[in-house]
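What follows is a set of notes on a single structure, which appears directly below.
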Amino acid sequence: MIQVTRSSMPPYEEYCDEIKELWGSHWLTNNGAKHNELQSALEAYLSCPHVTLFTNGHLALENILSAFDFPRGGEVVTTPFTFASTTNAIVRSGLVPVFCDIDPMTYTMDSAKIEPLITDTTVAIVPVHVYGNLCDADAIADIAKKHHLKVIYDAAHAFGVTKNGVSVANFGNASMFSFHATKVFNTIEGGAVCYADAALADKLNDWKNFGLHGEEGRYVGGNAKMNEFQAAMGICNLRHLEDEITKRKAVVERYRERLSGVEGIRLCAPQPDVQSNYAYFPVVFDGYRYTRDEVAQRLAQREIFARKYFYPLTNSFECYRDFPTFGAEKTPMAKYISERVLTLPLYADLAIEDVDRICDLILK
């Protein structure tokens with residue numbers, strides 16, 4: 001069986017050695033030694049002034065939205081071509097998502113279509129780096145500056161990605177990363193917010209700890225703290241990250257070698273000046289002799305499981321029916337891609353022979 005992804009894990013003995021001291025300290029959560037070590041290591045790796053860790057990426061995004069104190073009912077320009085978490089975090093924070101269509105080449109938010117969606121009640125832009133493809137950060141920054149808006153990136157797919165040598169962690173007012181088990185870098189579950197404004201540090205730490213600042217209850221916060229076992233997994237996985245990315249690159253290059261130039265199959269082109277993390281390999285079946293669903297079925301019959309990612313669009317979810325931009329027809333390019341895209345299996349230990357087998361099933 002070949003799943004669409006497989007979690008990266010360090011050698012068993014390495015992880016056991018990393019967590020061994022916890023049996024001595026009995027300090028398992030609440031900013032323990034492992035938590036603080038991982039936080040410092042990520043600040044160095046990402047060249048980012050401040051990193052706050054969370055128990056998962058979803059709560060990281062909810063907490064940074066809360067930390068900016070946006071007025072309830074404020075509008076947020078975002079994309080429907082994303083996982084449910086992005087839109088859910090916006091709505092659960094008392095904000096209204098306004099869905100922008102996507103660029104047909106990168107599948108990220110189309111920066112040329114943002115400004116017409118901005119109103120007097122718009123408070124922020126929440127773009128999403130998709131599959132490791134980066135948003136047009138310069139254009140988005142110009143729009144945000146012009147309209148006095150915050151920019152909070154959902155960078156769940158983009159850990160380790162750089163543009164012109166600069167980590168995506170430094171884009172916008174803040175960037176959220178997911179460290180879920182399926183990601184290039186994982187802490188089993190986990191996430192982080194990266195930012196430059198030091199004033200956010202205390203605020204985020206309060207928000208993720210029930211809103212408490214010492215004995216004072218400053219905010220209506222929740223519990224979103226990363227525990228020591230998660231942090232230890234992150235410490236170990238960070239040591240092996242570059243090797244993991246190198247292995248993933250070899251898989252992607254083989255897919256490109258086999259599937260490039262095939263009529264009816266569209267691949268994302270590498271972005272100029274971007275060092276990829278090879279997070280996902282999306283294929284759009286656009287006029288191919290098999291539909292996306294037929295390809296997925298052919299693979300599944302051989303116990304090879306690709307994923308319709310992202311499908312359906314979040315602006316077609318029943319729970320958002322009352323929002324003004326509900327309906328996938330409002331974002332036609334995102335709808336078109338979502339009905340044709342399939343992410344193929346991709347992980348560091350995927351054998352090249354298996355990549356060939358997958359491509360043979362698609363092509364023959």
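Any value given below was found using the heavy atoms of this structure, including those in side chains, with hydrogens, waters and symmetry copies removed.
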Pair [X] + [Y], salt bridge at N-O below 4.0 Å:
{"X": "Glu62", "Y": "Lys208", "value": "no"}
{"X": "Asp101", "Y": "Lys330", "value": "no"}
{"X": "Asp354", "Y": "Arg357", "value": "yes"}
{"X": "Lys203", "Y": "Asp206", "value": "no"}
{"X": "Asp243", "Y": "Lys247", "value": "yes"}

Inset, instruction - Start with the C-alpha gap between Arg298 and Glu294, add the side-chain angles, then the distance that decides, and say whether salt bridge (charged side-chain N to carboxylate O under 4.0 Å, His left out) holds. - result: CA-CA 6 Å; Arg298 286 168 65 88; Glu294 288 171 338; over 6 Å; no
Inset, instruction - Any side chain to side chain donor-acceptor pair (under 3.5 Å) involving residues 277-288? Give me the pairs, sequence neighbours left out, ordered by first then second residue. - result: Arg266-Asp286, Asp286-Tyr336
Legend entry - Short side-chain to backbone donor-acceptor contact, Gln3 and Pro345, under 3.5 Å: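 Absent.
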Legend entry - From CG (Asp154) to OG (Ser85), nearest 0.5 Å: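 So the CG of Asp154 and the OG of Ser85 are separated by 6.5 Å.
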Inset, instruction - Nearest 0.5 Å please: distance from the CD atom of Glu353 over to the CZ atom of Arg254. - result: 8.0 Å
Taking distance alone, no hydrogens or angles, what donor-acceptor pairs closer than 3.5 Å link side-chain atoms of residues 299-310 to residues at least two apart or in another chain?
unit_1: Lys308; atom_1: NZ; unit_2: Asp293; atom_2: OD1; d: 3.3
unit_1: Tyr309; atom_1: OH; unit_2: His157; atom_2: NE2; d: 3.2

Inset, instruction - List in chain and number order the residues that pass ring-ring contact (aromatic ring centres under 6.0 Å, His included) with Phe210, two or more places apart in sequence or in another chain; answer none if no residue qualifies. - result: none
Check whether any side-chain heavy atom of [X] sits under 4.5 Å from a side-chain heavy atom of [Y], and report yes or no.
{"X": "Thr108", "Y": "Val128", "value": "no"}
{"X": "Phe81", "Y": "Met109", "value": "no"}
{"X": "Thr343", "Y": "Val4", "value": "yes"}
{"X": "Tyr320", "Y": "Thr87", "value": "yes"}
{"X": "Ser111", "Y": "Cys135", "value": "no"}
{"X": "Ile118", "Y": "Leu149", "value": "yes"}

Legend entry - Test side chain to side chain donor-acceptor pair (under 3.5 Å) applied to Arg218 - qualifying residues, sequence neighbours left out: none
Legend entry - Set of side chain to side chain donor-acceptor pair (under 3.5 Å) partners for Asp138, sequence neighbours left out: none
Any chance the side chains of [X] and [Y] put a donor and an acceptor closer than 3.5 Å?
{"X": "Tyr195", "Y": "Thr52", "result": "yes"}
{"X": "Lys225", "Y": "Asn223", "result": "yes"}
{"X": "His147", "Y": "Glu115", "result": "yes"}
{"X": "Gln230", "Y": "Asn227", "result": "yes"}
{"X": "Thr55", "Y": "Glu189", "result": "no"}

Inset, instruction - Let me see the working for Asn186 and Ser8 under side-chain hydrogen bond (donor to acceptor under 3.5 Å, both in side chains), right down to the final yes or no. - result: CA-CA 7 Å; Asn186 81 78; Ser8 295; 5.2 Å; no
Inset, instruction - Go through the structure and list residues passing side-chain contact (heavy atoms from CB on, under 4.5 Å) with Thr182, not counting sequence neighbours. - result: Thr5, His180
Legend entry - Tyr131 ring center near Phe281 ring center (under 6.0 Å):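 They do not qualify: ring centres at least 6.0 Å apart.
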Inset, instruction - Using the six-membered ring of Tyr347, assess whether NZ or CZ of Arg248 lies under 6.0 Å from its centre and within 45 degrees of the ring axis. - result: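 Because its charged atom misses either the 6.0 Å distance or the 45° angle limit, Arg248 does not stack over Tyr347.
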Legend entry - With Phe177, the ring-ring contact (aromatic ring centres under 6.0 Å, His included) member among Phe159, Tyr153, Phe171, Tyr45: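 Exactly one candidate clears the test, Phe159.
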Legend entry - The single option from Ile140, Asp136, Val77, Thr78 passing side chain to side chain contact (heavy atoms under 4.5 Å, CB included) against Pro127: Ile140
Inset, instruction - Under the salt bridge (charged side-chain N to carboxylate O under 4.0 Å, His left out) rule, what do Lys20 and Asp17 come out as? Steps first, then yes or no, please. - result: CA-CA 5 Å; Lys20 186 164 52 179; Asp17 188 61; 3.4 Å; yes
Legend entry - Test side-chain hydrogen bond (donor to acceptor under 3.5 Å, both in side chains) applied to Glu75 and Thr119, step by step: CA-CA 8 Å; Glu75 293 182 350; Thr119 70; 2.9 Å; yes
